[in-house]
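Taking it in order: structure first as structure tokens, then the write-up.
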Amino acid sequence: MCGIVGYIGSNNVKEVLLDGLKELEYRGYDSAGISVLQDESFSVYKAVGKLKNLQHKAEDFKPEGFAVGIGHTRWATHGKPTELNAHPHLGEYSYVVHNGIIENYQELKKELTAKGVKFLSQTDTEVIVHLFEQNLNSIEDAFEAFKLTLSQLQGAYAILLVTKSEPDTIFFAKEGSPMIIGTDALEQKFFASSDTPLIGHAKDVIYLHDGEFGFVTPDAIALFDSCHEAVRPQFSALPESKLSAQKEGFRFFMEKEIYEQTEVIADTMLGRIQDNAIAFDELDPSLFEGINEVKFCACGTSYHSALASTYLFERHAKIRTSVEIASEFRYKEPLMTTDTLFVVISQSGETADTLETLKMAKEAGLKTLVICNVDNSSMVRLADATILTRAGIEKGVASTKAFATQVTIFWMLSLYLAGERKTLSTENITKQIASLREIPASVAVNDDLHERLKRLSKRYLHGHGFFFIGRDVFYPLALEGALKLKEISYLHAEGYPSGEMKHGPIALADPELFTIALMPQHMLYDKTKSNVEELSARDSTICAISNLTFDKADDFIPIADRDHYMLEFFEMMVVLQLLSMEIAIRLGNDVDMPRNLAKSVTVE
Ligand code: M6R
């Protein structure tokens with residue numbers, strides 16, 4: 001995920017900015033840049049790849065005395081990781097850095113282009129600086145122009161802007177993406193998108209709220225709320241440890257990533273959802289021409305999200321859909337026909353088995369698409385088309401937010417295809433789009449629920465195994481729940497379709513077998529219920545997750561009433577992630593780095 005730093009003061013501005021960006025490296029990035037305004041001229045450096053490339057480029061830059069500067073690490077979302085797409089972005093006499101996504105950038109870009117503005121990058125961010133300069137041309141007051149610019153932006157942002165028209169000022173705004181201002185006794189001001197760059201520099205910090213904006217100069221901080229009322233800054237203390245600051249107060253990165261799901265799913269949807277249609281600008285509609293079948297291929301958690309998508313694709317887009325485990329597919333001498341769209345799914349884009357199947361599909365002349373979280377990864381470079389999941393870097397080996405964003409993409413893609421193929425009515429698509437918009441709320445972690453799962457976890461530390469069971473898309477979710485638990489707790493867990501119990505697995509049922517039953521109201525509730533009753537009758541210990549109370553459950557985890565089964569899916573996903581994590585924590589395991597596992601499996 002992108003990172004921002006800013007500085008105004010008389011220390012070595014280059015060092016402050018580069019050190020700050022270094023502290024943000026843990027968030028992941030694929031390019032970086034800084035821009036420094038001193039003595040009415042800008043010095044700008046950008047580089048693709050690691051920060052040492054940027055340091056190398058800026059080697060001969062030795063600023064002294066007062067300066068204002070901004071810096072950025074970019075995780076590509078709109079446009080490839082190139083120097084032109086790296087921030088800061090230039091207008092004619094101003095620079096901007098931005099985290100988040102400007103949802104209406106295409107309309108704004110069109111308007112600005114019609115007025116003769118030339119764009120250098122493919123990013124959404126660049127519109128901000130051009131819009132600001134256009135506004136400044138007519139208003140002639142930099143702060144008023146900045147305010148007007150903000151009112152024209154839709155989407156999520158944290159923004160820093162510097163301009164030659166106010167050379168001792170940094171303009172800032174926050175809406176949906178984090179931004180912090182730090183101060184010290186020396187009239188220095190710092191900005192950062194998280195605590196870590198500020199530790200050791202700032203004495204006090206102001207955590208900005210959504211809708212807040214303003215400017216800083218060496219001797220003032222002007223802060224305004226979303227109603228444009230002046231706000232008195234509230235200063236807080238900074239955390240002292242950098243590692244704990246990186247985890248932003250969470251015990252593990254996995255926990256932080258579970259809590260981040262609301263934000264990253266919203267990012268994944270930004271710009272792709274319209275009132276009654278889904279738009280994937282990155283897809284050329286010809287990708288689907290002549291296609292009669294979609295074949296998904298992936299490993300691990302990504303395989304589970306792909307399996308869930310097969311239900312959505314056939315149901316919504318009425319297209320034959322299948323899914324394969326990549327390590328199996330590559331050796332089964334598969335029949336591949338050119339009327340099949342071959343889709344690989346991968347968080348990293350580097351998983352060896354999945355990459356190999358992509359190569360096989362390309363060699364067989366199939367059209368290919370990758371759903372991936374890392375731009376410029378091997379799979380992204382190889383596939384004909386890419387949809388990025390925008391989950392940001394995932395540090396926990398146990399995948400959480402990557403899975404959540406993959407399933408979000410698949411739901412959207414199934415509706416996109418349904419629209420293209422006219423297999424669902426506009427009313428149906430519009431209704432489902434309204435439900436899609438509720439995903440971020442459905443994955444928000446509720447404190448009471450988390451507390452309850454913490455307490456419940458102590459009852460599930462022993463036994464001879466877990467069954468996770470569900471039907472339809474809740475079967476892949478059951479597989480994913482079981483994988484999460486075994487990866488980090490080392491307890492034996494299996495996922496099954498509920499209806500399969502009586503074909504063998506039920507033989508294991510006894511009080512020491514824990515059944516985690518996914519019982520959504522809106523997907524085959526009665527069928528699942530009778531399967532769970534069969535297990536209960538054989539004395540398995542039942543932990544049921546549902547919004548409908550179930551009296552045969554030994555433990556019951558209630559979820560909210562939702563009007564679409566996919567929203568039940570997302571809420572249950574969070575329950576399973578948290579329950580696994582709390583069990584693993586009680587067992588004393590390293591949740592972020594479980595034994596025998598690696599984050600990216602680049603060997604066969
Ligand atoms: O990067 P990928 O999505 O291709 O990785 C696939 C699997 O290795 C990965 O999902 C693995 O199963 C995770 N540890 C699951 O939590």
Side-chain angles (χ1 to χ4, degrees), residues 28 252-258 260-261 264 268 296-309 323-330 342-359 361 368-383 386-410 468 476-491 493-495 573-574 576-581 583-584 589-604:
F252 291 96
F253 282 108
M254 181 185 179
E255 185 177 33
K256 171 172 168 278
E257 286 159 6
I258 293 171
E260 262 170 19
Q261 290 180 123
V264 297
T268 297
F296 292 102
C297 206
C299 298
T301 288
S302 297
Y303 168 78
H304 297 153
S305 74
L307 182 58
S309 79
V323 60
E324 304 268 357
I325 290 178
S327 56
E328 284 298 305
F329 187 75
R330 60 186 288 192
F342 194 81
V343 185
V344 286
I345 304 95
S346 174
Q347 187 285 130
S348 60
E350 303 295 346
T351 301
D353 285 323
T354 312
L355 182 59
E356 188 53 35
T357 65
L358 178 59
K359 288 180 186 159
T368 57
L369 168 67
V370 58
I371 315 289
C372 192
N373 195 36
V374 182
D375 200 359
N376 225 25
S377 57
S378 301
M379 287 183 218
V380 169
R381 290 198 306 270
L382 195 60
T386 300
I387 298 179
L388 292 176
T389 45
R390 303 179 187 163
I393 194 167
E394 193 178 57
K395 293 198 94 170
V397 167
S399 183
T400 52
K401 60 179 181 167
F403 175 76
T405 52
Q406 287 169 349
V407 180
T408 304
I409 291 284
F410 284 133
F468 286 70
L477 183 59
L479 289 173
E480 176 58 9
L483 179 65
K484 282 294 80 79
L485 183 68
K486 72 181 114 184
E487 276 186 298
I488 57 176
S489 72
Y490 320 139
L491 295 170
E494 297 301 331
M573 172 196 79
V574 174
L576 297 181
Q577 293 166 341
L578 288 172
L579 184 62
S580 300
M581 188 189 74
I583 290 174
N589 299 345
D590 183 342
V591 165
D592 285 334
M593 270 185 276
R595 70 186 185 200
N596 307 338
L597 296 177
K599 183 68 190 160
S600 188
V601 186
T602 52
V603 289
E604 201 181 336

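Position 1 is the first residue of the sequence; numbering continues from there. Both counts, for ligands and for their atoms, begin at 1 and track the order of listing. Given the structure is predicted, the values throughout are model-derived calculations rather than measurements.
Closest heavy-atom approach to atom 6 (C) of ligand 1 among the candidates Ser305, Cys299, Ser377, Gly349: Cys299.
Scanning the protein heavy atoms around atom 1 (O) of ligand 1, the nearest turns out to be Ser348 OG, 2.7 Å. Counting only heavy atoms of the protein, atom 5 (O) of ligand 1 lies nearest to Thr351 OG1, 3.4 Å. The protein heavy atom nearest to atom 8 (O) of ligand 1 is Val601 CG2, 3.9 Å.
A donor-acceptor pair shorter than 3.5 Å cannot be found between the side chains of Gln261 and Thr400. For the residue pair Gln406 and Thr389, no side-chain donor N or O sits within less than 3.5 Å of a side-chain acceptor on the partner.
For Thr354, no nitrogen or oxygen atom sits less than 3.5 Å from a nitrogen or oxygen atom of ligand 1, counting backbone and side chain alike. For the pair Gln406 and ligand 1, the shortest N or O to N or O distance does not fall below 3.5 Å.
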Steps toward side chain to side chain donor-acceptor pair (under 3.5 Å) verdict (Glu350, Ser378): CA-CA 6 Å; Glu350 303 295 346; Ser378 301; 2.5 Å; yes
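Numbered from 1 in the order shown, with element, the atoms of ligand 1 that lie under 4.0 Å from a heavy atom of Glu487 read 13 (C), 14 (N), 15 (C), 16 (O). Against a heavy-atom cut-off of under 4.0 Å, Thr301 is close to the following atoms of ligand 1: 10 (O), 12 (O), 15 (C), 16 (O). Taking every heavy atom of Ser346 and a limit of under 4.0 angstrom, the matching atoms of ligand 1 come to 1 (O), 2 (P), 3 (O), 4 (O). Each of the following atoms of ligand 1 lies closer than 4.0 Å to a heavy atom of Gln347: 1 (O), 2 (P), 3 (O), 4 (O). Proximity to Ala398 (heavy-atom distance under 4.0 Å) selects the following atoms of ligand 1: 16 (O). Near Ser302, meaning under 4.0 Å from any of its heavy atoms, are these atoms of ligand 1: 2 (P), 3 (O), 10 (O). Interface of Val397 with ligand 1, defined as ligand atoms under 4.0 Å from a residue heavy atom, comprises 13 (C), 14 (N), 16 (O).
At least one heavy atom of Lys484 sits closer than 4.0 Å to an atom of ligand 1.
At least one donor-acceptor pair under 3.5 Å links the side chain of Glu394 to the backbone N or O of Lys401.
In this structure, Arg330 pairs ionically with Asp353, as a charged nitrogen and a carboxylate oxygen lie closer than 4.0 Å.
Ala391 and Val264 get closest at one heavy-atom pair: O-CG1, 3.3 Å.
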